[in-house]
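A short write-up of the structure that comes next.
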2 protein chains.
Amino acid sequence: MGPKYSSSRENYLKAIFHLQEIHGTVTTNHVAGELQTRPASVTDMLKKLKAQKLLLYEKYKGFKLNTEGRKVALQIIRKHRLWEFFLVEKLHFRWDEVHEIAEELEHISSKKLIDRLDEFLGFPKTDPHGDPIPDSQGRWTLTHQVDLLNLPVNQVAEVSSIGDQSAEILELLNHKHIALGTRLEVKKKFAFDNSLEIKIKNQSVTISEHVAKNVFVKYDE
Amino acid sequence: MGPKYSSSRENYLKAIFHLQEIHGTVTTNHVAGELQTRPASVTDMLKKLKAQKLLLYEKYKGFKLNTEGRKVALQIIRKHRLWEFFLVEKLHFRWDEVHEIAEELEHISSKKLIDRLDEFLGFPKTDPHGDPIPDSQGRWTLTHQVDLLNLPVNQVAEVSSIGDQSAEILELLNHKHIALGTRLEVKKKFAFDNSLEIKIKNQSVTISEHVAKNVFVKYDE
DNA sequence: AATAAATTTTAGACAAATCTAAAAAATAAA
DNA sequence: TTTATTTTTTAGATTTGTCTAAAATTTATT
Ligand SMILES: [Mn+2]
Ligand SMILES: [Mn+2]
Ligand SMILES: [Mn+2]
Ligand SMILES: [Mn+2]
């Protein structure tokens, strides 16, 4: 069948979708930053996506994905996260190594391939970073989670996802033995710099506010 | 790191490699036919591959891959065949469904990915069509094989690879229960049209000369 | 050897995706 | 509410890969 949209267009759709989720509204500069490109290139692409009926766009007035654009974006995200899961679970990559490779694999076009892969992996619900994997209809189940700053002291909880997913933070978490599924509790909060002392497997670890904001956990009640 | 060569260039290198293997020498028209493109486009690309030092080319005089071009082509072939093996063995695709998908997957650039995949699959020696899979140094072991026309009558042999790999022939072979590893023997050769009567699992099957030429087998002695 | 046919290459065009530099519009500051 | 700053868009190029039509070259046929 061949790909329906170019890799470049798919990357734009995905970026816009993510920025929309986080900030509600998206700007040309925002997208340029995310995709390491120039604002002028973004404008060029916005016109093309509009012409392709994937985006609502009026110049100088802003833009957002329409239903079709959102649908396409969700399928790319599904592919990205399923491949990440495959790389970690089957090929034993570390969670901080998989993003770049999935960035390429997500553009493989076969629908049958991705559904077979999903099945082969046992229909996983979340990727190695704890992010939900949309099903083939683009639906996902979101679990209630809070960041570490908002976790009550002495409440045992389980790490469920990571906000910032740069190689840098993943490396830091790796070093401190914080991974998805890790059980931990906050023992002390320091008002001075909002740093936290947390307990992991009977070991005491200190993390900064910046890190705490990016570690999400879930717990009962 | 990103891909070293574009998908398009990789496809040209692979096509030239294959045509070189089969016909010894390759022509512009040949490549155009193989890649479903125009002779003029091929000439354009030959210049680019020459400039990139992957090809020896003098206009009107012919062309062939140099050492580097051959090396790159072999790595693409390695990826193509490993992915095909994955699709059949792990995702349960049929052997006549995998080529198109592998045609995309072969361009994923990560070397580490492909070596991990190789390991995950148990370092297979041949792909689902019986073609040898080059190792990461580009070496492969070729097994001695003959086509069915040259198999002595009453000699039990095992199907080891298929020449023409169009969906059409694979469908026909599927129907007649001829697959890689199938044990068979030629019972009768008809001089009139060079058709053959062969025995497969105690069943008698007739195949044309055209098919027989494309089914390769190996046998002891 | 001269002519015809086939093959290959060039010339010039086009679409996609990107860029720089400059212009236009929107937003913030004085 | 002017003026200054920032953001966004346009104008015009560039690169990559493709195409058609025409020209150049090679190969085959008389
Ligand atoms: Mn991508
Ligand atoms: Mn992820
Ligand atoms: Mn390919
Ligand atoms: Mn194959």
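Letters A, B, ... mirror the listed sequences (proteins, then strands); counts begin at 1. The analysis underlying the following values was restricted to heavy atoms, covering all of them including side chains, and did not include hydrogens, waters or symmetry mates.
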(message) Output the rounded distance in Å from CD (B:Glu58) to P (D:dT26).
(response) 13 Å

(request) Can you tell me the distance, in whole Å, between the NZ atom of B:Lys59 and the C1' atom of C:dT10? (result) 8 Å

(request) Respond yes when some side-chain nitrogen or oxygen of B:Asn29 is under 4.0 Å from OP1 or OP2 of C:dA6, and no when none is. (result) no

(request) Could you go through the ring-ring contact (aromatic ring centres under 6.0 Å, His included) check for A:Phe86 and B:Phe86 one step at a time? (result) CA-CA 12 Å; A:Phe86 168 75; B:Phe86 168 75; 5.3 Å; yes

(request) Would you indicate what A:Tyr57 reaches in the nucleic acid, counting non-hydrogen atoms under 4.0 angstrom: base, sugar-phosphate, or nothing? (result) sugar-phosphate

(message) Less than 6.0 angstrom separating the ring centers of B:His99 and B:His129, yes or no?
(response) no

(message) So, does B:Lys48 get its side chain near the phosphate of D:dT15, meaning an N or O under 4.0 Å from OP1 or OP2?
(response) no

(request) Would you mind reading off the distance between B:Asn11 atom CG and D:dT16 atom C1', rounded to a whole angstrom? (result) 15 Å

(request) Could you tell me the separation between the CE atom of B:Met45 and the P atom of C:dT10, rounded to a whole number of Å? (result) 16 Å

(message) Keeping B:Gln165 on the side-chain end and B:Ile162 on the backbone end, is there a donor-acceptor pair under 3.5 Å?
(response) yes

(message) What's B:Ser8 touching, base or sugar-phosphate or nothing? Going by heavy atoms closer than 4.0 Å.
(response) sugar-phosphate

(request) For A:Asp44 and D:dA11, give me the distance from atom CG to atom P, rounded to whole Å. (result) 11 Å

(request) Could you check whether B:Thr43 gets within reach of a base, just the sugar-phosphate, or nothing at all, counting any heavy atom under 4.0 Å? (result) base

(request) Taking only the side-chain nitrogens and oxygens of B:Arg38, find out if one of them lies under 4.0 Å from OP1 or OP2 of D:dT20. (result) yes

(message) On a heavy-atom basis, which atom in B:Pro132 and which in B:Arg81 lie closest, and how many Å separate them?
(response) O-NH1, 2.6 Å

(message) Under 4.0 Å, heavy atoms only, any strand: does B:Tyr12 hit a base, just the sugar-phosphate, or nothing?
(response) sugar-phosphate

(request) Nearest whole angstrom, please: distance from the C1' of C:dT10 to the CG of B:Leu46. (result) 14 Å

(message) Quick one about A:His210 and A:Asp164 (side-chain donor to acceptor, distance below 3.5 Å, no hydrogens or angles considered), yes or no?
(response) no

(request) Take atom NZ of B:Lys61 and atom P of D:dA24, then tell me their distance rounded to the nearest Å. (result) 18 Å

(message) Please determine whether a side-chain nitrogen or oxygen atom of B:Lys47 lies at a distance below 4.0 Å from atom OP1 or OP2 of C:dT10.
(response) yes

(request) Using heavy atoms to find the nearest nucleotide of DNA chain C for A:Tyr60 and A:Ser41 separately, return the residue whose nucleotide is more 5′. (result) A:Ser41

(message) Hydrogens and angles aside, do B:Ser109 and A:Glu104 bring a side-chain donor and acceptor to less than 3.5 Å of each other?
(response) yes

(request) Classify the nucleic acid contact of A:Thr28 as base, sugar-phosphate or nothing, counting any heavy atom under 4.0 Å across all strands shown. (result) sugar-phosphate

(request) For B:Lys50 and C:dT9, give me the distance from atom NZ to atom C1', rounded to whole Å. (result) 14 Å

(message) Tell me whether the count of non-hydrogen atoms from other residues, nucleotides or ligands lying under 6.0 Å of NZ in B:Lys188 goes above 12.
(response) no

(request) Test side-chain hydrogen bond (donor to acceptor under 3.5 Å, both in side chains) on A:His175 and A:Glu171 and set out the steps. (result) CA-CA 6 Å; A:His175 181 75; A:Glu171 187 222 349; over 6 Å; no

(message) I need the residues from residues 15-27 of chain B with at least one non-hydrogen atom less than 4.0 Å from DNA chain D; give them sorted by number, or say none.
(response) none

(message) With a 4.0 Å limit, can you tell me whether A:Thr37 has a side-chain N or O closer than that to the phosphate oxygens OP1/OP2 of C:dT18?
(response) no

